[in-house]
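Report on the structure given below.
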There are 2 protein chains.
Amino acid sequence: MPLMRSWVESANTPETDFPLNNLPCGVFSTPATGLRCGVAIGDQILDVTALEAAGLLKLAESPIFDAPFWNPLMELGPAAWARFRILLLGFLTEGAPVQAQVSEMLVPQSAARMHLPFIVGELTDFYSGRYHAENVSRMFKGKTPMLTPNWAQMPLAYNGRASSVIVSGTGIRRPVGQIKPSGQDRSILSPTRRFDFELELGAVIGQPAEGPISVAQADEMIFGYVLLNDWSARDFQAWEANPMGPFTAKASATTISPWIVMKAALENFRRPAPERHQPLLAYLREPGPIFYDIDLEVALQAEGYPEKVVSRTNSRHLYYASAQQLAHQAISGAPTSVGDLIGSGTISGPDAGSYGSMLELSQGGKEPFEIAPGVTRGFLEDGDSVILRGHARGEGFRIGFGECRGKMLPSAPLPDWARDA
Amino acid sequence: MPLMRSWVESANTPETDFPLNNLPCGVFSTPATGLRCGVAIGDQILDVTALEAAGLLKLAESPIFDAPFWNPLMELGPAAWARFRILLLGFLTEGAPVQAQVSEMLVPQSAARMHLPFIVGELTDFYSGRYHAENVSRMFKGKTPMLTPNWAQMPLAYNGRASSVIVSGTGIRRPVGQIKPSGQDRSILSPTRRFDFELELGAVIGQPAEGPISVAQADEMIFGYVLLNDWSARDFQAWEANPMGPFTAKASATTISPWIVMKAALENFRRPAPERHQPLLAYLREPGPIFYDIDLEVALQAEGYPEKVVSRTNSRHLYYASAQQLAHQAISGAPTSVGDLIGSGTISGPDAGSYGSMLELSQGGKEPFEIAPGVTRGFLEDGDSVILRGHARGEGFRIGFGECRGKMLPSAPLPDWARDA
């Protein structure tokens with residue numbers, strides 16, 4: 001598929017994340033507009049709330065963009081999503097008759113602040129990145145990767161905390177929690193010393209269900225995708241995770257990109273499943289290509305230095321797709337709600353330059369690496385920014401998510417009542 | 001503290017769960033009233049929504065009981081909770097001047113259907129029952145209890161799914177999920193064969209917070225308590241839980257009692273902490289008595305048989321109180337929201353008659369026990385009901401939660417797409 005040209009000129013350049021082919025959904029504010037739903041186009045945002053108020057975008061009897069989140073559009077279902085997209089393509093294509101009117105509703109991205117684009121229902125975080133799982137197993141168990149036998153038979157997951165989901169650009173305070181220093185029996189309360197990012201894709205579920213969902217149905221219920229950084233305190237995790245899994249290690253923050261790329265924008269980048277270690281059970285089998293070819297990268301930036309890309313990988317390294325993950329959690333009886341968010345699990349490639357976490361990049365902190373001249377990192381330090389980017393690459397254009405960015409802030413001082421003698 | 005006598009005569013009997021001393025909060029409906037907020041008194045429910053509409057209960061500028069959940073009262077904070085309680089005590093005490101008017105707002109419990117009493121924010125489930133953790137460790141690791149060393153140093157937990165919380169009386173379909181038959185390498189998709197209950201207390205958090213909370217603050221933020229049954233598929237759990245913790249095993253349903261017993265009703269039943277294996281870190285230490293003396297029991301009832309009490313225990317067997325659990329999750333940076341629900345963890349006593357799960361009662365299914373003449377159970381069977389009850393016992397009265405009841409229904413038939421050859 002070639003670039004679809006827009007009268008918004010900045011949308012026609014190969015470097016933009018937001019050509020007309022994309023049209024991702026976000027929530028923005030300016031002092032003049034307040035909070036609004038918007039769609040990114042080139043270096044602009046089309047104010048969808050204004051478009052609806054002007055009578056150009058009628059998707060339901062009552063307004064659906066008068067509240068600053070995209071859940072109401074999701075609730076209308078796939079037919080409405082398609083109609084929404086067709087209408088917007090028509091407004092923004094070269095030669096659109098409404099150009100003059102619609103151009104009044106553009107806001108420069110540089111003048112807008114981005115907000116969380118939807119109300120998050122449940123957050124589930126999976127563990128479906130094949131090389132990540134192998135790398136972590138190798139690190140903790142020895143030279144040969146020894147995945148637990150359940151790994152290749154179902155997408156493993158733990159529940160996250162929807163209340164911890166924040167939008168790109170929000171600062172992350174270094175979390176405080178329990179660490180057990182090696183060689184000691186007793187834990188201490190301390191800011192984490194091994195704070196990490198995790199590069200993931202997040203699927204935004206746009207339709208509700210009770211009971212089992214086939215993989216094909218699950219795929220239809222996905223509204224779109226975001227980039228997702230599952231911040232992780234590795235020292236908390238090592239001490240707490242046996243036997244109940246990670247808890248405080250992942251409780252402080254999960255950052256998502258400001259833009260939800262609608263599934264429709266990614267149709268041309270669907271890919272078949274990876275080679276299977278063994279056949280999957282019927283309820284998990286792919287009905288067709290449900291994986292995506294999305295290039296992903298992680299850049300780190302120490303305060304006062306330029307950023308450096310430390311990892312380049314691709315979402316095709318996932319062993320289970322979002323639709324399989326949703327089908328797996330639904331078959332057990334978990335209800336599915338509009339706004340549920342499903343993290344893919346950390347995405348790593350097979351090589352050192354393609355790892356999706358500091359844990360892997362620095363071999364558990366043992367091999368710090370350079371992120372700027374003379375500046376090395378084993379884990380994240382205060383002032384560091386982590387920037388995730390993702391692009392599905394078409395002919396002369398790319399579909400992007402914008403940046404998923406977070407900057408580490410120092411821990412808040414411990415209150416007196418939390419200080420041990 | 002003695003019984004406080006009410007003009008509602010049924011509230012003055014020693015057998016009722018709902019003397020005037022209690023006044024727990026629920027949501028009910030009748031064909032005539034629709035959904036309402038109500039407070040239990042004897043065998044009646046006082047329609048609090050009607051009370052407010054009649055101008056007798058003004059707690060804020062706008063109505064707070066016009067929606068069928070208790071979150072708006074929680075949001076008003078502890079001073080409003082106290083005022084609410086004092087007003088209701090005044091309306092319902094013997095000799096209340098408003099008796100004639102208020103008696104018009106009583107609805108017999110037998111005529112009402114109960115609903116989920118609040119909108120659940122995040123669900124966290126802890127693992128803080130000392131004997132439960134020891135029993136489970138012994139079962140899986142050998143004769144001597146070998147708790148992981150983190151257990152005595154912090155309250156361990158996993159995140160649950162708020163969307164799975166249901167009210168007492170809702171049927172539970174036997175969940176379907178992955179089981180790995182012993183001696184085989186490959187898992188199968190199957191209805192669980194080892195379905196279990198877990199006897200817990202749940203703390204309902206009534207105030208929000210960002211960042212660390214002391215145990216004393218956490219205690220003040222608790223609005224009240226419910227009984228909680230954390231249904232668990234033990235075979236799913238055994239297969240999936242390494243390394244990410246329980247997921248589908250606990251995803252289908254968590255049942256709570258219809259009544260939230262306000263913390264104020266339990267003040268006289270506060271007890272000091274249990275003996276500590278080792279001193280806790282400062283942020284977890286008790287500021288005073290934050291545990292409760294609540295007798296708990298579990299009854300099982302096979303279809304067509306009378307129920308049988310199979311376990312009697314007490315909430316004092318918890319090693320960490322709800323306030324400590326909340327302080328622990330908050331210190332790591334997890335936001336706290338109105339309506340968050342914190343499960344205590346399974347409460348078991350030290351003896352065979354005091355276990356809080358089938359896993360313990362039947363020794364992992366190896367020692368089925370009688371629940372009716374000639375009817376034995378290792379795990380739950382279709383048609384079985386599990387009934388949790390709890391009572392704080394005063395002089396001549398008791399504070400109860402009503403029943404936390406759930407009946408096992410057969411699995412829904414597997415759709416064709418989920419059938420393996």
Side-chain angles (χ1 to χ4, degrees), chain A residues 121-122 124 127 148-150 153-154 156-164 173 175-178 180 185-189 211-212 214 216 233 236 239-249 251-253 278 281-283 328-329 331-335 337 340 412 414-415 417-421, chain B residues 121-122 124 127 148-150 153-154 156-164 173 175-178 180 185-189 211-212 214 216 233 236 239-249 251-253 278 281-283 328-329 331-335 337 340 412 414-415 417-421:
Chain A
E122 297 281 6
T124 319
Y127 183 57
T148 51
N150 50 16
Q153 300 191 47
M154 66 179 159
L156 299 177
Y158 64 93
N159 296 307
R161 298 180 73 82
S163 57
S164 297
R173 282 218 175 273
V176 169
Q178 282 201 23
K180 197 186 72 62
D185 288 340
R186 303 297 311 279
S187 61
I188 58 171
L189 187 71
S214 70
F236 300 176
W239 171 228
E240 77 184 350
N242 178 17
M244 286 298 165
F247 177 55
T248 63
S252 59
Q278 52 192 296
L281 289 174
Y283 82 101
H328 177 66
Q329 75 179 37
I331 204 152
S332 69
S337 306
D340 283 356
L414 269 192
W417 49 258
R419 293 177 188 278
D420 290 279
Chain B
E122 297 281 6
T124 319
Y127 183 58
T148 50
N150 50 16
Q153 299 191 47
M154 66 179 159
L156 298 177
Y158 64 93
N159 296 307
R161 298 181 72 82
S163 57
S164 296
R173 282 219 176 271
V176 169
Q178 283 202 22
K180 197 186 72 63
D185 288 339
R186 303 297 311 279
S187 61
I188 57 171
L189 187 70
S214 70
F236 301 176
W239 171 230
E240 77 184 350
N242 179 16
M244 286 298 167
F247 177 56
T248 63
S252 60
Q278 51 191 297
L281 289 173
Y283 82 101
H328 177 66
Q329 75 180 35
I331 205 151
S332 69
S337 306
D340 283 355
L414 269 191
W417 49 258
R419 292 176 189 277
D420 292 279

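Here is how names work: the chains are called A, B, and so on, in the same order as the sequence lines, proteins then strands, and each is numbered from 1.
No other option in B/D420, B/T248, B/V176, B/L414 has as many heavy-atom pairs under 4.5 Å with chain A as B/D420. Your options are A/A253, A/A412, A/S332, A/G245, and the one with the most heavy-atom pairs under 4.5 Å with chain B is A/S332. The residue among B/N242, B/N150, B/I188 with the most heavy atom pairs within less than 4.5 Å of chain A is B/N150. Among the candidates B/A418, B/S164, B/A233, B/A157, the residue making the largest number of heavy-atom pairs closer than 4.5 Å to chain A is B/A157. Ranked by heavy-atom pairs shorter than 4.5 Å toward chain A, the options B/S163, B/G160, B/P415, B/G333 are led by B/S163. Among the candidates B/A421, B/P175, B/G177, B/P149, the residue making the largest number of heavy-atom pairs closer than 4.5 Å to chain A is B/P149.
Here the OG atom belonging to B/S252 is positioned 13.0 Å from the CD atom belonging to A/Q329, to the nearest 0.5 angstrom. Atom CE in A/M244 sits 5.0 Å away from atom OH in B/Y127 (nearest 0.5 Å). Between A/F247 atom CZ and B/H328 atom NE2 the span is 6.0 Å, to the nearest 0.5 Å.
B/I331 is not listed as a side-chain neighbour of A/Q178, based on a closest heavy-atom distance of 4.5 Å or more. Under the 4.5 Å side-chain criterion, counting only non-hydrogen atoms from C-beta, A/T124 is in contact with B/R161.
Within the 4.5 angstrom heavy-atom criterion, atoms from both the backbone and the side chain of A/E240 approach chain B. Contacts between B/S187 and chain A at a heavy-atom distance below 4.5 Å involve backbone atoms as well as side-chain atoms.
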Quiz item: B/R419 and A/Y283: side chain to side chain contact (heavy atoms under 4.5 Å, CB included), yes or no, with the steps?
Solution: CA-CA 7 Å; B/R419 292 176 189 277; A/Y283 82 101; over 6 Å; no
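Formation of a donor-acceptor pair under 3.5 Å by the A/Q153 side chain with backbone atoms of B/R186 is not found in this model.
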